Amino acid sequence: MIHMKIVVDTGTDSAAGMTANRQSAEPCRQTSSDATTNGTIKMPSSQISTVAIEKSYRKAEHKISVLRGVEISVRKGEFLSIVGQSGCGKSTLLHLLGLLDPPDVGEVLLDGERIDDLPAKTRDQLRNRVFGFIFQFYHLLPELNLLENVTVPLMIRHTLLEFWQKRREVRQQAREIIAKVGLGHRLMHKPSELSGGELQRAAIARALIANPDILLADEPTGNLDAETGQDILDLLISLNEQDRLTIIMVTHDESIARQAHRIVRLHEGRIQTVHKDGSQR
Amino acid sequence: MYKLLLCLRYLRSRYIALASIISVMLGVATMIVVNSVMAGFSTEMRERIHGLLADIVVETSSLDGRPDAAGHMAMVQQVAGKYVEAMTTTVEVYGMLSFQYHGEWITRPVTLIGIKPHEKAKVGPLIDFLQSYKPTIVDGKIVRPAERSADELPSWKLTTSAQENQKLWNERQQMLVESFSDLDGDDPSSPEQPAPNSEQNDLDPSQPVPDVNPFDAVSFDDAKETNESSEGFLYVGLGLISFPYEDKQGQVQTMMMVQPGETVAVSTVRASRPPEATHFNATVVDLFKTGMSEYDSNLVFCNLEYLQKVRGMIDPTSRVGNITSIQIKLKDFADAEQVVEQLQSIFPPGIYTVKTWEQKQGPLLAAVEIESAILNVLLFLIIAVAGFGILAIFYMIVVEKTRDIGILKALGASSAGVMSIFLSYGLALGVVGSGVGVIIGLLFVKYINVIESWISWLTGRDVFPETIYYFPEIPTAVHPAMVIWVSAGAMTIAVLASILPARRAARLHPVESLRFE
């Protein structure tokens, strides 16, 4: 039932822009439209998914396999958490999903189209427009104040001239989003003057200003105490519920993970179990 | 946009980058100062070398010269008349200058040049060098105003003070003659010397006392004209008849051995075969100082007609004197080479040589040019060293900023964008460094003499002694093109030095840089 809905929802602006850069998108699209015209929906249409991705790193002469054929599929508006022990490859999976790293084998699909082999420039634009990132260590730029930090994605998106023309609009937008994450009184503070919880809220504001389709959170509560962590999680949940934002969150904290719609458990580079929604594999 | 913002923020917050800015700044400032001083030296040098030389000189190979000055000038006028502003004919010959100082005869080798002063003044800056046109200055105060006004043409007329000197000198000589009257004729020069001067003495009462009066000058010149061929008059280089010494306060003073108005003996060679020596007495009318010791301690100007007469260069039948060179001043020195070529076609080589003043002083000018070229290469290496400083510091900053680069890439910044942050950072360092460097350099150049005296005071020794460098002040000349080239060069080096670190930053893998803690 939900799947039908998602087919309708997909095809956002950014995805449409992306298809222009890709010819191989055509046959892929062809098959999905065939499937719908036949009336039998065999493959659940998902917003972002991976097909048998493998990834390994070289350390000196040893080849360390991190991901060994992971298939994962996330629908629009879903809140998914990925759990697992340290070194199980959950962060790597998130990086692959967010195009920060290319997979050795396999594909990353966004709205049914392969995105991991796009030209670098297109991938940069996808990172800027489709994905929002939140990191465990917040990763704000220390030289910039909160307002500037939050506007960085828009600075990257626009040229100098465009940004100058839109500067009021952008600043207004940034103020609203900062107010939304509850930091309205901290606009001009440098990251060094903010607490951990505030930093993470700022990072979320920065991810939101780009108006992303998918929020990728790498241990967003990992460096916070339980109470602050819960605050951050509540914020994420409300974003997911109110704005229908797809959230993929990596965590090793079971109590945090349990609050998501679905949990994917990674073990030694493979998906071990799937909770709640079930029936992934 | 983020590139600019981050670049500016890094500029403000990275104090280590200040080190690169300072190194660029020092390099640029040093280059500007040294180049300005070098340029000042070389223009001053050129001016001094040019000094008494005319733009183009046509010389005969023989010291005996060629007859028909008017004919030669007409030839020049015909071939290159449109380029010529003024010309004069002269006689150049070697000779000796002898004078008595503290009872001893001092003899100096000289180059004797017969000139017509009013014509010579038109082909070169003669008036600028003659001492009677300058006020006497002691300790920055004018103790005696200039004895001749600047609009008075130079002539062989004595100034008032020279006349007084002459009178004193004559009295002294008279006393000597009287005291030696018992030893009749033991010194051949003594009885001779007063002889021409007694003529001069006879003339003295006829001279109006304020003889700078232009109205009187005309009538007086006529009287002078007849006199000029019968008597020798000289402009003597200051270096020939004076020597510098340090007084008790350590100030450099010039001790004069001969004053204007006094009589000296000149020996030279007659234009006859075989050449025979000849000598004559001449009155020193004026002294000149060009600042170029080659001229100041070598040249003696003499009245042309008298020199021609003494050397036997006047044709007994036609009464026309031989000349050895024509000095030409051009309207525009840029035409010099063309004019030289044209003149060479009518004055056959072997008998005449035609040269510009630059060609005459070629080796000296070339030495100055080579010196400044080598200095520039060396100084540019200083900025190159600053460039390597930027390279090292930027590498450090890239390492320090690894995480931030990862964040920017995760937020969608392209590799080219990250690279351009560091390239524009390098450019910004170059711009700020060379901007401040230019300001400091120009200020230093402007106040270089104040700084020099300050350092002299601080160290207790004269940094720029006039006795060695011949310049009372450090000469400087700022060429805007030089300033632009230096700062553009510094900026280029700064950008070039930041290419390597910028490429490294661009190639950083986002995941690895995010993992970097």
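Chain naming here is simple, since letters A, B, ... match the order of the sequence lines and numbering starts at 1 in each. Remember, predicted model here, so these are calculated numbers, not experimental data.
Side-chain contact annotation: A/Gln85 with A/His252, donor-acceptor N/O pair under 3.5 Å absent.
Ranked by non-hydrogen atom pairs under 4.5 Å with chain A, the options B/Ala410, B/Ser415, B/Gly406 are led by B/Ala410.
When the salt bridge (charged side-chain N to carboxylate O under 4.0 Å, His left out) test is applied to A/Arg127, the partners found at least two apart in sequence or on another chain are A/Asp124.
Within residues 416-438 of chain B, no residue has any heavy atom closer than 4.5 Å to a heavy atom of chain A. For residues 384-392 of chain B, an interface with chain A (any heavy-atom pair closer than 4.5 Å) does not exist.
In this structure, the side chain of B/Lys409 does not engage the main chain of A/Leu100 through any donor-acceptor pair within 3.5 Å. Using modelled atom types, one side-chain atom of A/Lys55 and one backbone atom of A/Pro102 make a donor-acceptor pair closer than 3.5 Å. Side chain of A/Asp101 to main chain of A/Leu96: no donor-acceptor pair is present (N/O by atom type, distance under 3.5 Å, no hydrogens or angles). Using modelled atom types, one side-chain atom of A/Asn128 and one backbone atom of A/Pro153 make a donor-acceptor pair closer than 3.5 Å. Side chain of A/Asp243 to backbone of A/Leu245: no donor-acceptor contact under 3.5 angstrom is found.
A salt bridge is defined here as a Lys NZ or Arg NE, NH1 or NH2 lying under 4.0 Å from an Asp or Glu carboxylate O, and A/Arg114 with A/Glu107 meets this definition. Ion pair A/Glu176/A/Arg171 not flagged as a salt bridge, since none of the NZ, NE, NH1 or NH2 atoms sits closer than 4.0 Å to an Asp/Glu carboxylate oxygen.
A/Arg206 touches chain B through its side chain: at least one heavy atom from C-beta onward sits under 4.5 Å away, while N, CA, C and O do not. Contacts of A/Glu148 with chain B are made by side-chain atoms alone, with heavy-atom separations under 4.5 Å and no backbone atom involved. Neither the backbone nor the side chain of A/Leu216 comes within contact range of chain B; no heavy atoms are under 4.5 Å apart.
In this structure, A/Phe135 and A/His139 have tilted ring planes: the angle between them lies in the 30° to 60° band.
Sorted by first then second residue, the side chain to side chain donor-acceptor pair (under 3.5 Å) pairs that include residues 87-96 of chain A, not counting sequence neighbours, are A/Ser91-A/Asp218.
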